Amino acid sequence: MSEITVRIPGHEPVRAQAGESAAAVLKKAGAIRGAIAARRGDQVIDLSRPIDADCELAPIAPSSPEGLDVIRHSTAHLLAQAVKRLFPQAQVTIGPVIEDGFYYDFAFERGFTPEDLERIEAEMRKIVAADYQVVRSESPRDEAVERFRSIGEEFKAEIIAGIPSNEPIGLYTQGDFTDLCRGPHVQSTGRLGAFKLTHVAGAYWRGDERNPMLQRIYGTAFADKATLEEHLALLEEAKKRDHRRLGPALDLFSLHPIAPGIPFFHPHGTVVYNTLVAYVRELYKRYGYTEVITPQLYKTDLFKTSGHYENYREDMFLVAVDEEEYGIKPMNCPGHVYLFGQGKKSYRDLPIRMADFSRLHRFERSGVLNGLTRVRGFAQDDAHIFCTPEQLDEEFASFLAMTREVYDAFGFTDISLAVETRPEKFLGSPELWDQAEKALQDGLRRAGFEFSVSAGDGAFYGPKIAFNVRDALKRSWTLATIQIDCAMPDRFGISYVRPDGAEGRPMMLHRAVLGSIERFIAILLEHTGGALPLWLAPVQVRVLSVTDRVAEHAARVGRQLEAAGIRVEVDQRNEKLGFKIRAAEVLKTPVIAVVGDKEAAAGAVAPRWRGVASQGAPAQSVEAFVAEVAERSRLPISAAVEEPVRAQVH
RNA sequence: GCCGAUGUAGCUCAACGGUAGAGCAACUGAUUUGUAAUCAGUAGGUUGUCGGUUCGAUUCCGAUCAUCGGCUCCA
């Protein structure tokens, strides 16, 4: 045995015998305390792994991100062991760590019930109490395949069979249970304990819906009980911010079985909706967009030309009229390209930024509908930009600037960008796609955006950039998107006359900043917990009378606010002030104006702004109050306005 | 679409093989109230829908619709 030197950050280098375990080496340095695994170089390893060469070694604490991964991964194994003990017929498959937890998929002839989960959890605790050593071993691939096949674990055998034959297979054994695994794991099951199984769900084997459905058990685990409790409490809080709860509670919208997936917007919700549209229209003035209104229903010939009939028909509502087939539009693009194609266009007309707030209808599969975030009927702040190839970069940059402005205005900071590339089913030439994908990535880099690449996720007509945000339950949704169209200009044969008199094919961009208005409202509600900004709030001011004596003054204040264009409600109910304040607060009203005898005598109000911890605010004259509310209600359009790039008039 | 769960008053929930109850909200009355819930009373439900088992179903069974959690798919 040769002697090696191990560097340990923050400690003296340690001399050790080659082959000593990571735990032993760390112990020599006095760095083992609490460690759950170790990092050798950039690799996380088991504490029991032998160290056989000079290297750098660091302990991993249970509460560190890597430590949590180890705990969750080991807890997934714990789950599998418990399930195998209780349901020997169940076959194990995979059990990865996910954000905030883990899951494990089992092939089992029936679903697991909530009662099963309780039993499984109890069994897991028994295994923790038994404190089995978790032992790593290696096995040649074919031997491992045979081993799992012989005990009826067909799925596991299939996974191993897919690993190159020269790679040794890592196996982890704890008590009566052995699983294929890359590791690393905790040293013994006793190190686990702060876990909870959360829910069950079906999941297709290898994520393909043609494959059999497995039973997935989700759970979460932490380094200690307290953090687990904290996490569970956080989930409860998140539920309160869920737009599906807030929307109906604030009387903004509702969904009914009579129109599944197509929301009813109540008067207050309609104000929010229309105000968002007004905001975007204001931006359009500055960014040089023109708005159009286009048909809702087209003969399917249009969709045959656009390629939607071929590639998107499954998601469309088709209707038969007079022995002719019509389709309700799922997107605005075909209509817009068609419209562009009417009349002769010159390079002087470009760019044309054609905006449209039409309602769109898509036949989403029943299981995917979700509140306002995934619906069958919705509108987008949609626009299509037709430009020359030379204008593409500038148009793209302008879109990114607009998007940044909007997201800043709403305080959305947790946004991730993904460039989604050519899918299996696509239209247009691969060369054009490559070019377009590169253009998107270059543009993002120039604008200083970070992004990931999501291969194969693009639309069938072109690659896209998706601006993804998360809802209260941490599910990711796409709001803004921009796509370069690689197909439709060709398919519709649209053209423009270039300066040299020849015909050119315009470039086409599809883009939306809010994305779907419905989805945007959902995310905004969750982001703000229902406390919409003053300019968007359906009721901006609520005037509260203290007694019947001041009813007239309260009504007058209401009229003055209304005259200034402010959305106001006057609460003259025969109730105590505290009751009315609570009622207004529960509805997240941004501004409350209290009116009592003192205010009535002075022609004043006592304002109370949401989120300001003032009670018994000093009175303010009605005029000053109205002016302040009006000032603070303005659309969040930044003052620094660039000259819009408009098509030249000739 | 697939796997699983759920569906009782406007909302949140209770009960149960013998035709449903609370709190909040609503309505009425009293109270005239000063910065997050005044008191009292009234009304409100073919227990999602359809079918089956049963002397009897809201309860048990089946189908269906919708919703929820996932999978697959997407703004």
Side-chain angles (χ1 to χ4, degrees), chain A residues 103 105 108 110-114 116-117 198-218 239 242 244-245 248-249 251 254-261 312 314-315 330-331 360 362-376 378-382 420 423 457 459 464 466-468 473 475-481 483 510 512-520 522-523 544-551 573-586 592-599 606-608 613-617 619:
Chain A
Y103 66 77
D105 285 346
F108 193 42
R110 63 170 178 88
F112 294 105
T113 64
D116 289 336
L117 282 197
T198 52
H199 55 290
V200 288
Y204 298 107
W205 167 236
R206 293 189 186 274
D208 190 325
E209 62 181 323
R210 289 165 301 198
N211 286 340
M213 182 151 277
L214 309 173
Q215 301 302 327
R216 176 171 298 179
I217 297 178
Y218 283 90
K239 277 189 195 158
D242 193 322
R244 290 167 300 187
R245 177 188 293 259
D251 199 17
S254 56
L255 284 152
H256 303 276
I258 203 67
Y312 205 76
E314 301 291 293
D315 299 284
M331 301 181 191
L360 306 172
R362 301 182 184 174
F363 182 71
E364 299 289 348
R365 294 154 105 190
S366 59
V368 306
L369 298 178
N370 188 278
L372 242 41
T373 45
R374 189 73 181 274
V375 292
R376 286 184 175 155
F378 62 104
Q380 294 175 305
D381 60 328
D382 196 14
E420 304 182 347
D457 282 342
K464 75 176 164 196
F467 289 68
N468 299 312
L473 301 179
R475 291 177 295 203
S476 178
W477 302 98
T478 299
L479 294 183
T481 168
Q483 303 160 24
H510 305 238
V513 176
L514 304 186
S516 118
I517 315 286
E518 283 75 2
R519 182 178 285 179
F520 193 83
I523 297 296
L544 311 184
S545 58
V546 178
T547 72
D548 288 348
R549 289 190 299 279
V550 297
R573 288 178 296 178
N574 178 9
E575 296 288 353
K576 293 172 115 169
L577 182 60
F579 177 90
K580 296 187 185 183
I581 287 186
R582 183 181 147 76
E585 292 283 352
V586 164
I592 291 169
V594 175
V595 162
D597 288 327
K598 282 180 286 182
E599 289 75 19
R608 176 185 164 118
S614 68
Q615 298 194 334

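The structure displayed is predicted, hence computed values, not measured ones. Just the heavy atoms: all of them, side chains too, but no hydrogens, waters or symmetry mates, feed the values below. Reminder, nothing fancy here: chain letters follow the sequence lines and each chain counts from 1.
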Can you identify which nucleotide, out of [options], has its nearest atom closest to the [X] side chain?
| X | options | answer |
| --- | --- | --- |
| A:Q380 | B:A66, B:A25, B:A75 | B:A75 |
| A:E209 | B:U72, B:U38, B:U35 | B:U72 |
| A:P257 | B:A75, B:A66, B:G70 | B:A66 |
| A:N370 | B:A75, B:G1, B:G69 | B:G69 |
| A:M213 | B:G34, B:U38, B:C3 | B:C3 |
| A:V368 | B:A75, B:A37, B:C71 | B:C71 |
| A:R365 | B:A66, B:C73, B:C3 | B:C73 |
| A:V586 | B:U72, B:C71, B:A36 | B:A36 |
| A:L473 | B:C2, B:G34, B:G69 | B:G69 |

Counting any heavy atom closer than 4.0 Å, what does [X] reach on the DNA or RNA strands: base, sugar-phosphate only, or nothing?
| X | answer |
| --- | --- |
| A:G596 | base |
| A:F520 | nothing |
| A:E585 | base |
| A:R244 | sugar-phosphate |
| A:R216 | sugar-phosphate |
| A:L479 | sugar-phosphate |
| A:K598 | base |
| A:L255 | nothing |
| A:E575 | base |
| A:A201 | base |

Nearest-angstrom distance from the residue atom [atom1] of [X] to [atom2] of [N]:
| X | N | atom1 | atom2 | value |
| --- | --- | --- | --- | --- |
| A:R245 | B:U67 | CZ | P | 18 Å |
| A:D208 | B:G1 | CG | C1' | 14 Å |
| A:I581 | B:U35 | CD1 | C1' | 3 Å |
| A:L544 | B:A36 | CG | C1' | 11 Å |
| A:D105 | B:C3 | CG | P | 16 Å |
| A:D315 | B:U72 | CG | C1' | 12 Å |
| A:R210 | B:C71 | CZ | P | 18 Å |
| A:D116 | B:G4 | CG | P | 12 Å |

When only distance counts, do a donor and an acceptor, one from the side chain of [X] and one from the base of [N], lie under 3.5 Å apart?
| X | N | answer |
| --- | --- | --- |
| A:R110 | B:C3 | no |
| A:R608 | B:U35 | yes |
| A:R582 | B:U35 | no |
| A:E599 | B:G34 | yes |
| A:E364 | B:A75 | yes |
| A:Y204 | B:G70 | no |

Would one find a side-chain N or O of [X] under 4.0 angstrom from OP1 or OP2 of [N]?
| X | N | value |
| --- | --- | --- |
| A:R374 | B:A75 | no |
| A:R573 | B:A26 | yes |
| A:T478 | B:C74 | no |
| A:R475 | B:G69 | yes |

Problem - Verdict with reasoning, A:E585 to A:R608, per salt bridge (charged side-chain N to carboxylate O under 4.0 Å, His left out) - result: CA-CA 10 Å; A:E585 292 283 352; A:R608 176 185 164 118; 3.1 Å; yes

Problem - A:R210, CZ atom: more than 12 neighbouring heavy atoms under 6.0 Å - result: no

Considering Watson-Crick and G-U wobble pairs with both distances under 3.5 Å, what does [N] pair with?
| N | answer |
| --- | --- |
| B:C71 | B:G1 |
| B:U12 | B:A22 |
| B:U35 | none |
| B:C50 | B:G62 |

Practice task
Decide, applying a 5.5 Å centre-distance limit and a 30° plane-angle limit (both strict), whether A:F378 stacks on B:A75.
Solution key: yes

Could you measure between the two [atom1] atoms, the one in [N] and the one in [M], and give it in whole Å?
| N | M | atom1 | answer |
| --- | --- | --- | --- |
| B:G7 | B:U58 | P | 15 Å |
| B:U59 | B:A15 | P | 16 Å |
| B:G69 | B:G51 | C1' | 29 Å |
| B:C60 | B:G21 | C1' | 23 Å |
| B:A22 | B:G45 | C1' | 14 Å |
| B:A20 | B:A9 | C1' | 11 Å |
| B:U46 | B:U8 | P | 13 Å |

Exercise for the section: Using only heavy-atom distances, determine whether the side chains of A:S545 and A:K580 contain a donor-acceptor pair under 3.5 Å. Expected result: yes

Handout entry: Polar side chain donor-acceptor pair, A:R216 to A:Y218, under 3.5 angstrom
Key = yes

Handout entry: Along RNA chain B (nearest heavy atom to each residue), the more 5'-positioned of A:S366 and A:T113
Key = A:S366

Handout entry: A:A459 vs A:I592, nearer the 5' end of RNA chain B by closest nucleotide
Key = A:I592

Handout entry: Electrostatic pair A:R206:A:D208 at N-O distance under 4.0 angstrom
Key = no

Handout entry: Ion pair A:K464/A:E420, N-O distance below 4.0 Å
Key = yes

Exercise for the section: Check for a donor-acceptor pair, side chain of A:R519 on one end and backbone N or O of A:T373 on the other, with a separation under 3.5 Å. Expected result: yes

Exercise for the section: In sequence, state the C-alpha distance, the side-chain angles, and the governing distance for A:E599 and A:R549, and then conclude on salt bridge (charged side-chain N to carboxylate O under 4.0 Å, His left out). Expected result: CA-CA 12 Å; A:E599 289 75 19; A:R549 289 190 299 279; over 6 Å; no

Practice task
Evaluate the side-chain proximity of A:L514 to A:L479: yes if any heavy-atom separation is below 4.5 Å, no if none is.
Solution key: no

Exercise for the section: Answer yes or no: is there a side-chain heavy-atom contact under 4.5 Å between A:T481 and A:H510? Expected result: no

